[in-house]
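Below: the structure, in structure tokens.
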Amino acid sequence: MSDNNEVRVRFAPSPTGDLHVGGARTALFNWLYARKHGGTFVLRIEDTDEQRSNEESLEGILEALTWLGLEWDEGPIQQADRLELYSDYVSLLMSSGHAYYCFASNDSIEEARNAAQESGENWIYRGADRDLSADEVREKLEEELPHTVRFKVPSEESIVVNDIVHGDVTFETENIEDFVLLRSDERPTYHLSNVVDDIQMGITHVIRGADHVSNTPKQILVYKALEANVPLFAHLPLILGPDQKRLSKRHGATSINIFRNKGYLPGAVVNYLALLGWSPGDDREVFTVPDLIREFTLERVNSSNAVFDVAKLGWMNGQYISQVPAGELRLSIREALQIRGCWQEELDMERRDFFFALIELWQSRSRTINDLADNVTPFLSEAFAYQPDALKEHIHSKDLLGGVQALREALMQVDPWAADEIEGTLREVAAGLDMEAASLIHALRLALTGKKVSPGLFEVVEMMDREKTRSRIDRLLRYLKKLADARDKRETQMARA
RNA sequence: GGCCCCAUCGUCUAGCCUGGCCCAGGACACCGCCCUCUCAAGGCGGAGACACGGGUUCAAAUCCCGUUGGGGCUACCA
């Protein structure tokens, strides 16, 4: 804290819902900036709105940040716990003549504003109570008239926001109304608490969404009135839905915890998010976190809004799933299998090698942990059905029954039980019966997995072990016999008729 | 309405500041081919963009102006 050059940034969510991708991206950029510069990342909870803030949201946000690996150095500091601080600052502003009690009712201001809107006139609120004498104010206060405290916005002044992303943005104070600092319930508004905390916490860089650009001149006014240093700003482009509208629930899953539940990996989410609004300037796209920390700069953040593309996130996640060592996937897959009810403790003990081999078999074919868990299920449980499309496509030849029977006998003799041996045996059987190897392969795949797609069949057979292979082939044989019987019956009926 | 921001393939973007190397590069998605027992992965190839109009200049995706479009703010929400 003593170092003057220390970078101090913060992520300041309001706990009114889940952490969405937009908030997560803001948190990430702050975190990256702090880590890159050896600075401090503060987590502050902006919960001054009593109505909308809630505890579950706060917990969800902390959970999501932790899952993403964006650990904070200070906090979480909740604004609701330090309300006196803001009142103190208001007193300061009051005594320096920068703020005033406003006794005008919300309704009356609203009315005037609407009237102005309708007549097409550009109307900015300037409180009449600015000019109340000290006696008049005391009198009204004694009467306990409801009031707010507003900032006395100066006239004819240009406020320049120096933004790292957008450059200088100039606002005229005549377009800024006397905004509320303290509500009638004496709780601070965002404009007050945000600035007070940023001053108080020594925040050097305010990195937040571009939806705050227009608020910034108001805040700069407060900094100046308080004679505090104005931090540097970086307003990040907004993240939009596929319809170019602001991202919201109706665009589907955008909350970080939902991605987590769907089996996305935090590294992939972080990597994808880093690329929304930032790029390294060359063609690289897959970054480890240390790489991101090294490469990240605010100067390379771009200024136009970005559409959130789940398909690309899915691709990114697939990249991560297929590249991460099986051991690192173990825990999350276990969790997914437990949910599916087919986890067995020995997969983490004596059958761990098998479990890892199974993971490796499916890694490049799965886009999420949940996909992977689904894919692995037939190897762990007998409870699977033959998929109709697989039956339709591969179970039609009448000779299949004999072929599968022969294959069963031959397979029981295979030694060692290894993919190469199994393949050799199957091809011999097919050649002996003058069948396409493919038709036996497809039948065997159906027998073992119930599906028409899987990794290389011979690896699958090897993974299944001899006993499981035998029982599943038997299951298929029973099915094929039933089919054959039904066919015979039909044929005799036809012959009779 | 007012104020502010933004504008390159469907999407994320490189290039723009410091004009020429760009009849615009990469990635996702899409299509085709290869590999192959299927599906992924991987490899190879294809289609696909400088919003529009004016300037400035020998030369503009790049600079300037305007138009259009999108977004944000305009709360006693943050």
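By convention in this document, chain letters (A, B, ...) are assigned in the order of the sequence lines, proteins followed by strands, and residues within each chain are numbered from 1. Small disclaimer: the values here were computed from a predicted structure and weren't measured.
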Of A:Ala438 and A:Thr189, the one whose closest RNA chain B nucleotide lies more 5':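 Its nearest nucleotide being more 5', the pick is A:Ala438.
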Of A:Val213 and A:Trp362, the one whose closest RNA chain B nucleotide lies more 5':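 Mapping each residue to its closest nucleotide by heavy atoms, the 5'-most match is A:Val213.
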How far does the [atom1] atom of [N] sit from the matching atom of [M], given to the nearest Å?
N: B:A27; M: B:G46; atom1: P; result: 12 Å
N: B:C23; M: B:U67; atom1: C1'; result: 27 Å
N: B:G45; M: B:C35; atom1: C1'; result: 15 Å
N: B:A61; M: B:G25; atom1: P; result: 14 Å
N: B:A49; M: B:A14; atom1: C1'; result: 13 Å
N: B:A40; M: B:G53; atom1: P; result: 43 Å
N: B:A78; M: B:G70; atom1: P; result: 30 Å
N: B:C64; M: B:U57; atom1: C1'; result: 12 Å

Contact class for [X] vs. all strands (heavy atom < 4.0 Å): base, sugar-phosphate, or nothing?
X: A:Ser454; result: base
X: A:Ser439; result: nothing
X: A:Glu177; result: sugar-phosphate
X: A:His235; result: nothing
X: A:Glu285; result: base

Donor-acceptor side-chain pairing of A:Arg44 and A:Ser193 below 3.5 angstrom: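 A:Ser193 and A:Arg44 do not have a side-chain donor-acceptor pair below 3.5 Å.
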Could you go over nucleotides 41-44 of chain B and give all protein N or O partners under 3.5 Å, atom names and distances?
{"from": "B:G42", "atom 1": "OP1", "to": "A:Gln319", "atom 2": "NE2", "distance (Å)": "3.3"}

Would the base of [N] count as contacting [X] through its side chain, where contact means a donor and an acceptor less than 3.5 Å apart?
X: A:Asn305; N: B:A7; result: no
X: A:Ser184; N: B:C76; result: yes
X: A:Arg445; N: B:C37; result: yes

Residue [X], side-chain heavy atoms: nucleotide from [options] that is nearest:
X: A:Val307; options: B:U74, B:C12, B:C37; result: B:C12
X: A:Thr148; options: B:A27, B:C76, B:U11; result: B:C76
X: A:Ser304; options: B:U38, B:C6, B:C4; result: B:C6
X: A:Asn122; options: B:A29, B:C76, B:G1; result: B:G1
X: A:Asn106; options: B:C12, B:C76, B:U38; result: B:C76
X: A:Leu238; options: B:G71, B:U38, B:C73; result: B:G71
X: A:Ser303; options: B:C6, B:C39, B:A78; result: B:C6
X: A:Asp309; options: B:A78, B:G10, B:G26; result: B:G10

Ring-face cation contact, A:Tyr386 with A:Arg475, 6.0 Å cut, 45° max: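 The answer is yes, since A:Arg475 meets both limits relative to A:Tyr386.
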Interface with RNA chain B, restricted to residues 156-175 of chain A and to heavy atoms under 4.0 Å: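 Of all residues in residues 156-175 of chain A, the ones placing a heavy atom under 4.0 Å from RNA chain B are A:His166, A:Val169, A:Thr170, A:Phe171, A:Asn175.
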Within the structure, does a side-chain N or O atom of [X] lie under 4.0 Å from either OP1 or OP2 of [N]?
X: A:Arg300; N: B:G15; value: yes
X: A:Arg113; N: B:U74; value: no
X: A:Gln244; N: B:U11; value: yes
X: A:Lys451; N: B:C39; value: no
X: A:Arg427; N: B:C37; value: yes

Donor-acceptor contact present, side-chain A:Thr16 to main-chain A:Arg52, <3.5 Å: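 No; judged by distance alone, with no hydrogens or angles, the pair does not exist.
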A:Arg208: which of A:Thr26, A:Asn30, A:Thr216 passes side chain to side chain donor-acceptor pair (under 3.5 Å):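 It is A:Thr216, the one option of A:Thr26, A:Asn30, A:Thr216 that forms the side chain to side chain donor-acceptor pair (under 3.5 Å) with A:Arg208.
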Watson-Crick or G-U wobble partner of B:C28, both distances under 3.5 Å: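 WC or wobble partner is B:G10.
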Taking [atom1] from [X] and [atom2] from [N], how many angstroms apart are they, rounded to a whole number?
X: A:Ile239; N: B:G71; atom1: CD1; atom2: P; answer: 16 Å
X: A:Lys312; N: B:C9; atom1: NZ; atom2: P; answer: 15 Å
X: A:Arg246; N: B:C5; atom1: CZ; atom2: P; answer: 18 Å

Atom CG of A:Asp185 with >12 non-hydrogen neighbours under 6.0 angstrom: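 Yes, enclosed.
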Near-ring test A:Phe296/A:Phe29, centroid separation under 6.0 angstrom: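 Yes, the ring of A:Phe29 comes within the 6.0 Å limit of the ring of A:Phe296, centre to centre.
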Do any N or O atoms of the protein come closer than 3.5 Å to N or O atoms of nucleotides 61-65 of chain B, and which pairs are they?
none

Validation row: A:Asp18, A:Ile256 side chains within 4.5 angstrom (heavy atoms):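 In short, these two side chains do not touch, never coming nearer than 4.5 Å.
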4.5 Å side-chain heavy-atom contact, A:His20 and A:Phe308: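 No - every pair of side-chain heavy atoms lies 4.5 Å or more apart.
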Selection residues 159-199 of chain A - residue pairs positive for ring-ring contact (aromatic ring centres under 6.0 Å, His included), sequence neighbours left out: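 Non-adjacent pairs meeting ring-ring contact (aromatic ring centres under 6.0 Å, His included): A:Phe151-A:Phe179, A:Phe179-A:His191, A:Tyr190-A:His212.
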Parallel, tilted or perpendicular: ring planes of A:His394 versus A:His442, cut at 30 and 60 degrees: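 Geometry flag for A:His442 against A:His394: parallel rings.
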One thing to verify: whether [Y] and [X] come together as a salt bridge, which I'm taking to mean a side-chain N less than 4.0 angstrom from a carboxylate O.
X: A:Lys245; Y: A:Asp243; value: no
X: A:Asp197; Y: A:Arg10; value: no
X: A:Glu110; Y: A:Arg113; value: yes

Listed once per pair and sorted, the side chain to side chain donor-acceptor pair (under 3.5 Å) pairs that draw on residues 152-161 of chain A, sequence neighbours left out: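 Matches after skipping sequence neighbours: A:Ser158-A:Glu172.
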Contacts of type side-chain hydrogen bond (donor to acceptor under 3.5 Å, both in side chains), residue A:Arg187, not counting sequence neighbours: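 A:Arg187 satisfies side-chain hydrogen bond (donor to acceptor under 3.5 Å, both in side chains) with no other residue.
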